[in-house]
Amino acid sequence: MISGGLLKIHPSELKLPFEVKRQSSCCMQLTNKTDTYVAFKVKTTSPKKYSVRPNMGIVQPRSAITITVTMQAQKEAPPDYQTKDKFLIQSVIANDGATTKDITAEMFNKAPDKIVEEFKLRVVYIPANPPSPVPEESEEGISPRPSMLENKTQSSTLFDAVSRSLEEAPRDEFQEEETIISKLTEEKKYAMQQNKKLQKELELLRQERRKNRSGFSVTFVTIVALLGIIIGFLIKKT
């Protein structure tokens, strides 16, 4: 918290959750400590990066106003989430009953007879998803970490779910597998029978070919023998 003669500002620095490609916002509160109207104006070193609502206005006596600061979505995170961005809050006494329409830039110009308070607030980035702290183990005994217990519980739950799904699986699937196996077995038997049949037919063809060959030889021998007899008869006759 920062406190001056006119305003009290809370918090003293702007902490913005940072997540790539997402907007983030934070709030600060301005409290008027006086019995007079106070005009304020908010400036930043990076006006294209931040939007402030409202960026100027009037804080009535002994009252407060909330300001929302929104950071536009960023394409990448800065190194170590560090930034040099800052905000400047100016405040000055305004006329009684003044409204935001009555505020002008000249009101915040410094002069010897006018008090213009200025407060600088730095910006602090906070990782949107910080790593969870690891609990320390006791010296007396090592206790399982919560993450390990959760993992075991999740694994057990997953195993039970798979087991139940297998137990509750419809019998039709198993019957279908048995039918396919039986069909394949029958086809195998049929193929083996056809193979045996083809082998028998091939053996018959071989036997017939052998008979044909042996018959041709007997006929040839008979003809040769007859020719020999005729030739011998002719020789004796001559």
Side-chain angles (χ1 to χ4, degrees), residues 1-136 145-147 150:
M1 182 177 63
I2 302 175
S3 181
L6 301 177
L7 296 179
K8 180 173 62 177
I9 302 172
H10 179 80
S12 58
E13 59 184 13
L14 298 177
K15 296 181 180 180
L16 284 164
F18 191 98
E19 187 172 0
V20 177
K21 296 182 181 179
R22 284 196 176 184
Q23 289 185 350
S24 62
S25 301
C26 68
C27 296
M28 59 179 169
Q29 189 177 58
L30 308 183
T31 302
N32 187 350
K33 300 167 54 179
T34 70
D35 295 325
T36 61
Y37 284 70
V38 176
F40 72 89
K41 187 176 183 179
V42 183
K43 296 181 180 180
T44 178
T45 55
S46 302
K48 293 183 179 180
K49 189 174 180 180
Y50 303 96
S51 63
V52 182
R53 295 292 181 273
N55 62 346
M56 65 172 61
I58 298 292
V59 186
Q60 297 182 5
R62 304 296 176 179
S63 62
I65 188 171
T66 300
I67 298 174
T68 302
V69 177
T70 302
M71 180 176 64
Q72 304 302 322
Q74 303 298 306
K75 295 181 179 180
E76 58 183 5
D80 299 327
Y81 290 93
Q82 299 297 319
T83 179
K84 296 182 179 180
D85 297 339
K86 292 182 176 63
F87 280 79
L88 175 66
I89 301 176
Q90 296 177 308
S91 59
V92 64
I93 296 175
N95 297 327
D96 291 346
T99 63
T100 304
K101 296 179 180 180
D102 300 323
I103 297 176
T104 61
E106 290 75 13
M107 292 177 61
F108 300 95
N109 292 336
K110 295 182 180 180
D113 57 344
K114 184 170 59 176
I115 299 175
V116 179
E117 288 187 344
E118 293 184 346
F119 299 98
K120 292 181 180 180
L121 279 68
R122 71 188 188 97
V123 177
V124 178
Y125 290 155
I126 303 173
N129 299 312
S132 58
V134 180
E136 297 182 357
R145 297 176 180 174
S147 58
E150 291 176 0

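Gln90 and Glu117 are not linked by any side-chain donor-acceptor pair at a separation below 3.5 angstrom, with hydrogens and angles left out of the test. Between the side chains of Asn95 and Tyr37, no donor N or O sits under 3.5 Å from an acceptor N or O. Residues Thr70 and Ser25 bring a donor and an acceptor atom of their side chains to less than 3.5 Å of each other. A donor-acceptor pair shorter than 3.5 Å can be found between the side chains of Lys33 and Ser3.
Taking the side chain as every heavy atom from C-beta outward, His10 and Thr31 never approach each other to under 4.5 Å. Under the 4.5 Å side-chain criterion, counting only non-hydrogen atoms from C-beta, Pro78 is in contact with Phe18. Looking only at side-chain heavy atoms (C-beta outward), Ile115 and Val92 stay at 4.5 Å or farther from each other. The shortest side-chain heavy-atom distance between Val52 and Thr68 does not fall under the 4.5 Å cut-off. A heavy-atom distance below 4.5 Å is found between the side chains of Arg62 and Asp35. Inter-residue side-chain proximity for Val124 and Lys15 is flagged as met; some heavy-atom pair is nearer than 4.5 Å. For the pair Lys120 and Ile89, the minimum side-chain heavy-atom distance is 4.5 Å or more. Within the 4.5 Å cutoff, the side chain of Met1 has heavy atoms near those of the Lys8 side chain.
Here Arg122 contributes atom CZ and Lys84 contributes atom NZ; the two are 13.0 Å apart, rounded to the nearest 0.5 Å. Note that the CG atom of Leu30 and the CD1 atom of Ile2 stand 10.5 Å from one another [nearest 0.5 Å]. Between atom CG of residue Asp96 and atom CD1 of residue Ile58 there is a gap of 10.5 Å, rounded to the nearest 0.5 Å. Taken from CE in Met107 to OG in Ser91, the straight-line distance is 10.5 Å, to the nearest 0.5 Å. Between Ile93 atom CD1 and Lys114 atom NZ the span is 11.0 Å, to the nearest 0.5 Å. Atom-to-atom distance recorded for Leu121:CG and Asp85:CG is 12.5 Å, nearest 0.5 angstrom.
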* To do: Kindly determine whether Leu16 and Val123 satisfy side chain to side chain contact (heavy atoms under 4.5 Å, CB included), including the steps that lead there.
  => CA-CA 7 Å; Leu16 284 164; Val123 177; 3.9 Å; yes
* Show your working on side chain to side chain donor-acceptor pair (under 3.5 Å) between Thr36 and Thr34 and close with a plain yes or no. => CA-CA 5 Å; Thr36 61; Thr34 70; 3.0 Å; yes
* Under the salt bridge (charged side-chain N to carboxylate O under 4.0 Å, His left out) criterion, do Lys43 and Glu118 qualify, and how do the steps go? -> CA-CA 11 Å; Lys43 296 181 180 180; Glu118 293 184 346; over 6 Å; no
* To do: Please assess Met71 against Gln23 for the test side chain to side chain contact (heavy atoms under 4.5 Å, CB included), listing each intermediate value before the final yes or no.
  => CA-CA 6 Å; Met71 180 176 64; Gln23 289 185 350; over 6 Å; no
* To do: Step by step, work out the ring pair (Phe, Tyr, Trp, His ring centres under 6.0 Å) result for Tyr125 and Tyr81.
  => CA-CA 6 Å; Tyr125 290 155; Tyr81 290 93; 7.5 Å; no
* To do: Check step by step if side chain to side chain contact (heavy atoms under 4.5 Å, CB included) holds for Phe40 and Ile103.
  => CA-CA 9 Å; Phe40 72 89; Ile103 297 176; over 6 Å; no
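Heavy atoms only, all atoms of each residue included: Gly57 and Thr100 are closest at CA-OG1, 3.7 Å. Val20 approaches Ala77 most closely through the heavy-atom pair CG2-N, 3.9 Å. Counting all heavy atoms, side chain and backbone alike, Thr44 lies closest to Tyr50 at OG1-CD1, 3.8 Å. The shortest non-hydrogen separation linking Thr66 to Gln29 is OG1-NE2, 4.2 Å. For Asn32 against Gln60, the heavy-atom pair with the smallest separation is ND2-O, 3.1 Å. The shortest heavy-atom contact between Ile65 and Pro54 is CD1-CG, 4.3 Å.
Counting non-hydrogen atoms of other residues, nucleotides and ligands closer than 6.0 Å to NZ of Lys49 gives a total above 12. By the neighbour-count criterion of 12 heavy atoms within 6.0 Å, atom CZ of Arg22 is sparsely surrounded, having that number or fewer from other residues, nucleotides or ligands. More than 12 heavy atoms of other residues, nucleotides or ligands sit less than 6.0 Å from atom CG of Leu88.
Within the 3.5 Å criterion, the main-chain N or O of Asp80 finds a donor-acceptor partner in the side chain of Gln82. Side-chain atoms of Gln74 come within 3.5 Å of backbone N or O of Gln72 as a donor-acceptor pair.
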